[in-house]
There are 2 protein chains.
Amino acid sequence: MGTAYDKYAHEPFAVTADLAVLTLRDGALHVLLVERGQEPYKGHWALPGGFVQPDESAETAARRELAEETGLSDVSGLHLEQLRTYSEPDRDPRMRVVTVAFTALLPHPPEPHGGSDAAQARWVPYDTAGPLAFDHDRILADAHDRVGAKLEYTGLATAFCPPEFTLGELQQVYETVWGTALDRPNFRRKVLATAGFVEAVPGAARLTGGRGKPAALYRAGTAATLHPPLLRPTPEGRPA
Amino acid sequence: MGTAYDKYAHEPFAVTADLAVLTLRDGALHVLLVERGQEPYKGHWALPGGFVQPDESAETAARRELAEETGLSDVSGLHLEQLRTYSEPDRDPRMRVVTVAFTALLPHPPEPHGGSDAAQARWVPYDTAGPLAFDHDRILADAHDRVGAKLEYTGLATAFCPPEFTLGELQQVYETVWGTALDRPNFRRKVLATAGFVEAVPGAARLTGGRGKPAALYRAGTAATLHPPLLRPTPEGRPA
DNA sequence: GCTTTAATAGTCAGTACGACTATAAAGAGG
DNA sequence: CCTCTTTATAGTCGTACTGACTATTAAAGC
């Protein structure tokens, strides 16, 4: 709104909130998809989402959708972040729909459930997720890019982990999202050297159950950004 | 759009594109503001922007607005980037308006101009820019945060510079946006050590005119991200 | 010419990093 | 119960990067 704000008439738009809900299952990145029950794209898979209601912000609508689609009772602690808005005039064949896309990160994926509607919802490995309805392939790819980038300079990786986790689990998050293997001792050293990234759980609590030496437990730290950042190994045309 | 997409009726929204147009003038960060000519917030300053038209994406509308508001004939090479979308139900007292906010960076600020409408447009120092109409204070602050953060790990700073620039000018960008002084030899060393950030202009071209030793000229490089990044000195609770 | 100003070169010690090697503590299988 | 396998954790070493400096160069302004 500015000068032109008052100049042109405005056309009504429909506004939706779409979600790229990501999680780790069996060491692979998965995304929550729903099967569309109606035209257009009937029978195709799509990102969950829905219309923003008159009394809601897009964020509120996204959190409501997240609760509905995952079937989780408490969705308040989950990481939900606005990704970007997609507004190409022809992105929905029916009418003018602008969608505000969000990225949500889940620690434990709830089992596939019926969903709140007739359409079924399902966890799908990220690599086999396309092609999706509308421009959802692009939204999903953007979400993946964003998450991968934010792992470098924020503590976002802990959003994929339960409240208490081992450094091995944290490393798995990086390896899975980036698709690269990391050296374990070096990863450990960098994480512990970064102030505010993780903090040790006071009692000498240790997670056992698996094989090998039990690992120490950590909690997410309070730092918003990582200093120094945890850069991925040679992302693009990096020298050496 | 997903399951709930077809479940609820949708309410019509108005969609606008608002712009935080930033530039450097006299070593200070400035933002382009317009004075509102009508209610609500008549007489208040606001970010330029306007309704997205039926055949436009938000990006297209933003670029159109940018051309209109700055009066620049060629706005195609300028940096324009989606910031985020603001959709609180009560953010506009008249009706339900969702705005897609953009950040634009200008090298040479064009002089204040009449603007395309009755309202006047003006460059205002960032520090004295508030309070603005609607939620524009928040949008502007978010834009500043985003630009400051992106200076660290992208070559965005060159968007504030003319096609050919000196390292001194580039350093000014960092110092102005971050509000901190940087050591000149160290800045120079880091910039030149970062592959793809800047490239020297072939001919031993040098910019003179000011005082002191003439500086070598550089052009923006091709790297999308900076490796290693150019971190700001002690941004928050950084150890040491 | 001498001073001022800004660009550029170089130094040095502390830190971070990648690539390894080594040790410790658990479970699995005989 | 002993050994192998698995995973966590500790430590080493040489290179690269960083921040804090000092030094030199080349122009403009008295």
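Only a predicted model underlies this, so the values are computations on that prediction, with no experimental measurement involved. Order of the sequence lines sets the chain letters (A, B, ...), proteins ahead of strands, with each chain counted from 1.
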N or O in side chain of [X] less than 4.0 angstrom from [N] OP1/OP2:
{"X": "B:Lys190", "N": "D:dG19", "result": "yes"}
{"X": "B:Arg184", "N": "C:dT8", "result": "no"}
{"X": "A:Arg188", "N": "D:dT9", "result": "yes"}

Side chain of [X] (C-beta onward), nearest among [options]:
{"X": "A:Thr166", "options": "D:dA8, C:dT5, C:dG27", "answer": "D:dA8"}
{"X": "A:Ala215", "options": "D:dA8, D:dA26, C:dA26", "answer": "D:dA8"}
{"X": "A:Asn186", "options": "C:dC20, C:dT8, C:dA16", "answer": "C:dC20"}
{"X": "B:Arg211", "options": "D:dA26, C:dA26, D:dG29", "answer": "D:dG29"}

Atom pair distance, as rounded to whole Å: [atom1] in [X] and [atom2] in [N]:
{"X": "B:Phe187", "N": "C:dA6", "atom1": "CZ", "atom2": "C1'", "value": "15 Å"}
{"X": "A:Leu182", "N": "D:dA8", "atom1": "CG", "atom2": "P", "value": "13 Å"}
{"X": "B:His227", "N": "D:dC17", "atom1": "NE2", "atom2": "P", "value": "13 Å"}
{"X": "B:Leu231", "N": "D:dC17", "atom1": "CG", "atom2": "C1'", "value": "11 Å"}
{"X": "A:Leu230", "N": "C:dA16", "atom1": "CG", "atom2": "P", "value": "13 Å"}
{"X": "A:Leu217", "N": "D:dT7", "atom1": "CG", "atom2": "P", "value": "17 Å"}
{"X": "A:Glu169", "N": "D:dT6", "atom1": "CD", "atom2": "P", "value": "19 Å"}
{"X": "B:Gln172", "N": "C:dA6", "atom1": "CD", "atom2": "C1'", "value": "12 Å"}

> Could you walk me through whether A:Glu68 and A:Arg64 pass the salt bridge (Lys or Arg N to Asp or Glu O under 4.0 Å) check?
Replying inline: CA-CA 6 Å; A:Glu68 289 175 11; A:Arg64 171 176 54 73; 3.4 Å; yes

> If you take atom types as modelled and just measure distance, does the side chain of B:Arg189 reach the base of D:dG19 with a donor-acceptor pair under 3.5 Å?
Replying inline: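 Side chain to base: pair present.
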
> Are the aromatic ring centres of A:Tyr153 and B:Tyr153 under 6.0 angstrom apart?
Replying inline: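 That pair passes the under 6.0 Å test.
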
>> Would you say the ring centers of B:Tyr126 and B:His30 fall short of 6.0 Å from each other?
In response: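 Aromatic pair excluded; centres sit 6.0 Å or further apart.
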
> Between B:Asp183 and B:Pro229, which is nearer to the 5' end of DNA chain D once each is assigned its nearest nucleotide?
Replying inline: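 On the 5' side of the pair lies B:Pro229.
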
> Could A:Arg146 and A:Asp142 be called an ion pair, given the rule that one side-chain N must be under 4.0 Å from one carboxylate O?
Replying inline: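 Judged by the 4.0 Å cut-off on N to carboxylate O distance, A:Arg146 and A:Asp142 do not form a salt bridge.
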
>> If the threshold is 4.0 Å, N to carboxylate O, is there a salt bridge linking B:Glu152 and B:Arg232?
In response: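 Answer for the salt bridge query: yes.
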
